[in-house]
Amino acid sequence: MDRRVALESTVIAHGLPFPRNIEIAAEMEREVQEKGGIPKTIAIINGRISVGLSPEEISLLGRSENVMKVGTAEIAYATALKKNAATTVSATMAIAKMNGISVFSTGGIGGVHRDIDWDVSQDIIELSKTDIVVISAGVKSILDVQKTLEFLETFQVTVVGYKTDYFPLFHCKDSPYRLNLRVDSPEEVEAILKEKRRLGLSGGILLANPIPATSSIEFETLESLVSKAITIAKRDNVSGKALTPYLLEKLSSLSEGRTLEANIALLKNNAALGGEIASRMGRER
Ligand code: PSU
Ligand code: MN
């Protein structure tokens, strides 16, 4: 295993507003480097899978209006038809695996949406298949967290709290959802991944890393913001791939930027932990 850390591009192209998105992409790469990791931001540029975007490529994704958002199901479409595409957690995992990368830092994974008959992210399916460590701050509270956790269990994803017994709620470090598994060091994460591979067990490790306390938003405040945002999304008939970016944007405007600042803090925190884990995995023996 080596020191590379995969970073996704959907958060740049669709999850964060311009021009902060471009700055944050660079800050995440710096966080990885400061901990001794090698950042590899992943996307599809003009049909070519790029593992380790140049600053120009990051800027292109951050500025353009017509960048696709692709999960694993859409990778081949984007490459065959020469598209510019940002990769979600599922697609980034699949491409990281193709390239032998074992660690991937993101913000939050997709999951089961609230109050909708059926909208479950491809991220969960990819996590059930691909043996990579995915560091996230839990899932967005715009999702149905309980159902998301149940789905993760059904699909045999190893969900582990990093220095916590609870599944964090993205913008909020605390949560009522207790986890069965907990680790307290990068060494333990590495040991679990190695063991999965030794035993031939498929599937990822979802490492739940809570947002730093100083940036965490209180549970009640967040809940009321989320229910307002969902009401607005329903009124505006937003669904499918557009839903997550729409809700994130609404949350940010309703909270006067507080959720955006929280989002940035947790992205950097996850990048740093990814760097720590990867630099440990890549050390010489
Ligand atoms: N969390 C964020 N911003 C994002 C995402 C998650 O704060 O942009 C992205 C990730 O790329 C994740 C995707 O994989 O949303 C899930 O989208 P969907 O629900 O359409 O599968
Ligand atoms: Mn969906």
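Just follow the structure's listing: the first ligand is 1, and inside any ligand the first atom is 1.
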Would you mind checking which non-hydrogen protein atom is closest to [atom], with the distance to 0.1 Å?
| atom | result |
| --- | --- |
| atom 5 (C) of ligand 1 | Lys140 NZ, 3.9 Å |
| atom 2 (C) of ligand 1 | Leu248 CD1, 3.6 Å |
| atom 9 (C) of ligand 1 | Thr10 CG2, 3.9 Å |
| atom 21 (O) of ligand 1 | Ser121 OG, 2.7 Å |
| atom 8 (O) of ligand 1 | Gly15 CA, 3.5 Å |

I need the atoms of ligand 1 closer than 4.0 Å to a non-hydrogen atom of [X], numbered in the order shown.
| X | value |
| --- | --- |
| His113 | 19 (O) |
| Lys69 | 17 (O), 18 (P), 20 (O) |
| Thr88 | 11 (O), 14 (O) |
| Phe170 | 2 (C), 7 (O) |
| Thr244 | 15 (O), 19 (O) |

Within less than 4.0 angstrom of ligand 1, does [X] place any heavy atom?
| X | result |
| --- | --- |
| His14 | no |
| Ile109 | no |
| Gly108 | yes |

- prompt: Can you name the N/O/S atom of Asp119 that is nearest the Mn ion (ligand 2)?
  reply: OD1
Would you say [X] and [Y] make side-chain contact, with heavy atoms under 4.5 Å?
| X | Y | value |
| --- | --- | --- |
| Val89 | Met93 | yes |
| Leu61 | Ile45 | yes |
| Leu16 | Leu267 | yes |
| Val226 | Leu251 | yes |

message: Test your reading of the structure: does Glu8 have an N or O sitting under 3.5 Å from an N or O of ligand 1?
response: yes
N or O contact, Val89 vs ligand 1, cut-off under 3.5 Å: yes
query: NZ of Lys35: more than 12 outside heavy atoms within 6.0 angstrom?
result: no
message: Tell me whether Gln156 at atom CD has more than 12 heavy atoms from other residues, nucleotides or ligands lying less than 6.0 Å away.
response: no
field: Lys250 to Tyr246, cation-pi by 6.0 Å centre distance and 45° axis angle
entry: yes
- line: Short version for Asn263: what comes under 4.0 Å of ligand 1, heavy atoms counted, is side chain
Steps toward side chain to side chain donor-acceptor pair (under 3.5 Å) verdict (Glu150, Gln146): CA-CA 6 Å; Glu150 294 298 340; Gln146 184 66 53; 3.2 Å; yes
statement: Looking only at non-hydrogen atoms, the one of Asp123, Thr259, Leu247 nearest atom 14 (O) of ligand 1 is Asp123
message: Looking at Asn46, is its backbone amide N or carbonyl O close enough to the side chain of Asn84 to form a donor-acceptor pair, meaning the two atoms are under 3.5 Å apart?
response: yes
- prompt: Do the charged groups of Glu261 and Arg258 touch, with an N to O distance under 4.0 Å?
  reply: no
task: Please name the residue in the list Lys194, Arg197, Lys196 that meets the salt bridge (charged side-chain N to carboxylate O under 4.0 Å, His left out) test with Asp131.
output: Arg197
